[in-house]
Every structure is written in structure tokens, then in C-alpha cells.
Amino acid sequence: MNLLKEKILEAGRVEAGEVLKVDSFLNHQLDIELLNEIGKEFKKRFNNKNITKILTAEVSGIAIAAITAQYFNVPVIFAKKTESKNLDNETYEGEVYSYTKDKHYKIRVSKRYISQEDHLLIIDDFLANGQALLGLKQIVDEAKANLVGAGIVIEKGFQKGRKLAEEANINVESLAIIREMQEEKIVFED
Ligand code: 5GP
């Protein structure tokens, strides 16, 4: 998706530890015009699929998922990272390992919101080492629902997320795939 790649080149910042900062349009300030185009592109890529709900993880996936959902006319469920009194006791759980924090944490969705009849599309901002994606898939599997695929805004193709997703049979569509990145240079896959 050229518009997105141009935005990454213009406003993305490569930081230590192979982290791409996109706070000015995706992770902090939100470029709604761009998000609308991202939503349309996901709709195009998953257009022939029967999708009943979109699933993401809080916090950074929510805005992208919400805008994308408008093109599919379906609800968004976001998995919660914190245990809270507001969350139902009956939940589906996924386990996520964070490389940056070197710890495992749980993500949860109330059993009320996913049923066996659901066809879910996962939407997330980044695919890096694939741990968030696998945690979300665990929730879909536990609910015995159907995972249609995963729409990713930015994939860091040099990390192992793609391989793990393929091994788990997840149909991943990424709108920008970064082949390599250094401080002053970001190279995309074609
Ligand atoms: P994973 O390694 O599980 O694929 O990525 C986990 C989460 O970490 C992603 O959903 C994303 O929110 C965040 N993340 C991973 N790599 C980057 C990065 O380079 N930049 C930013 N801004 N977030 C990232």
C-alpha cells in the first residue's frame, strides 16, 4: 500500500532494538484519513470472506480495528490486557510473550462476545515476533470459532512473526512489509 509506505518513510523513526516508532500517525496521534484508506484496503483484501467480527488487542489495535470495521459492518472486540472488575469471569484467554519486556502476560475476551458461529478477522498494528497474533489465535481457537485471517498494518519481515503465523496456518495480509531498517534507511518488500 503505497500511501502507507510513503507515510512510514516520511514520519517513521527507527529506534534501537529494531523498533519502528510511528507515534505521529498510528500509535499515539492518529491520522484518520490514512486509517480510512487502511480500512478500505483490508476490506479489499478480505472482501470475499464471510467475516462476522473483528478481533484486536488493546491498546494500539483498537483505532485501526474500529475504522476497519466500518467497511465490514461488523463489531470489534478488543482483548483486554488487564484483569479488571468490569470483565466477566468467564473469559477466553491467550498468552502473549513480550520480547521487549521479557515477560508473559494474558489477554482476555469475555465468552459472551465470541461464539462457535463466528468468523473472525484479526487486525493489529504490527507483526514482529508474532506473539500477539498467536495469543489472539489462542482465544479464537478456545472459542472454537473460525479464524479467517489477520490484517496487519506494518510487518517487520526480518523478524519471525510471518514464519510462526504460517506454521499456525494463519492467512496474513500485511499492508507494508519492511525487509530491513536502519536509522536512516527503511527498505520495503515489493
Ligand atoms: P509481536 O512481537 O508479538 O509480533 O508484536 C507485539 C506488539 O508489539 C505489536 O502488536 C505492536 O503493538 C508492538 N510492536 C512490535 N514491534 C514494534 C515496532 O517496531 N514498533 C511499534 N511501534 N510497535 C511494535
Side-chain angles (χ1 to χ4, degrees), residues 1 4-32 34-35 38-39 42 54-69 76-82 92-109 120-141 147 149-189:
M1 185 184 168
L4 172 64
K5 290 180 187 169
E6 282 162 20
K7 191 75 182 183
I8 293 169
L9 290 177
E10 175 200 313
R13 282 183 293 117
V14 179
E15 301 220 326
E18 302 186 317
V19 170
L20 176 66
K21 285 290 222 181
V22 287
D23 282 359
S24 70
F25 63 96
L26 196 66
N27 283 155
H28 193 13
Q29 177 171 255
L30 300 169
D31 181 334
I32 299 300
L34 178 65
L35 288 184
I38 285 170
F42 282 138
I54 287 178
L55 175 65
T56 190
E58 67 177 358
V59 177
S60 55
I62 297 177
I64 305 157
I67 289 202
T68 299
V76 172
I77 311 161
F78 59 93
K80 300 204 178 198
K81 289 182 179 164
T82 47
Y92 298 119
E93 287 185 357
E95 183 147 287
V96 179
Y97 174 69
S98 164
Y99 279 87
T100 41
K101 297 187 186 114
D102 187 26
K103 65 177 191 201
H104 290 268
Y105 63 91
K106 286 206 161 74
I107 52 175
R108 298 180 175 87
V109 170
L120 294 154
L121 172 64
I122 292 174
I123 292 287
D124 211 354
D125 58 345
F126 275 87
L127 177 64
N129 288 300
Q131 301 301 299
L133 181 55
L134 292 180
L136 288 166
K137 182 182 186 292
Q138 234 178 304
I139 288 174
V140 178
D141 290 347
L147 179 57
I152 302 292
V153 180
I154 304 171
E155 174 180 334
K156 292 191 288 181
F158 51 87
Q159 293 182 329
K160 63 177 184 224
R162 165 73 57 170
K163 184 169 175 285
L164 293 178
E166 279 171 2
E167 282 169 7
N169 265 325
I170 305 173
N171 169 23
V172 178
E173 284 284 342
S174 302
L175 304 190
I177 304 177
I178 297 173
R179 185 189 298 160
E180 54 174 296
M181 61 183 206
Q182 287 136 26
E183 213 172 300
E184 290 302 319
K185 191 173 137 207
I186 297 173
V187 181
F188 296 101
E189 302 276 353

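It should be emphasised that the depicted structure is a prediction, and the values quoted were computed from it without experimental measurement. Each ligand, and each atom within it, is numbered from 1 in the order the structure gives.
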> Does K5 NZ have over 12 foreign heavy atoms under 6.0 Å away?
yes
> Do K156 and E18 sit within salt-bridge range, that is, some charged N less than 4.0 Å from a carboxylate O?
no
> For L164 and Q131, run side-chain contact (heavy atoms from CB on, under 4.5 Å): C-alpha distance rounded to whole Å, both residues' side-chain angles, the deciding distance at 0.1 Å, then the answer.
CA-CA 9 Å; L164 293 178; Q131 301 301 299; 3.6 Å; yes
> For V14, which residues count as a side-chain contact (heavy atoms from CB on, under 4.5 Å) partner, sequence neighbours excluded?
L20, M181, I186
> Select all protein residues for which some heavy-atom-to-ligand 1 distance is less than 4.0 Å, and list them by chain and number.
E18, V19, L20, N27, S60, D124, D125, F126, L127, A128, N129, G130, Q131, A132, K156
> Rounded to the nearest 0.5 Å, what separation is found between the CD1 atom of I54 and the CD1 atom of I123?
5.0 Å
> To the nearest 0.5 Å, tell me how far I32 CD1 sits from I67 CD1.
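The CD1 atom of I67 is 4.0 Å from CD1 of I32, to the nearest 0.5 Å.
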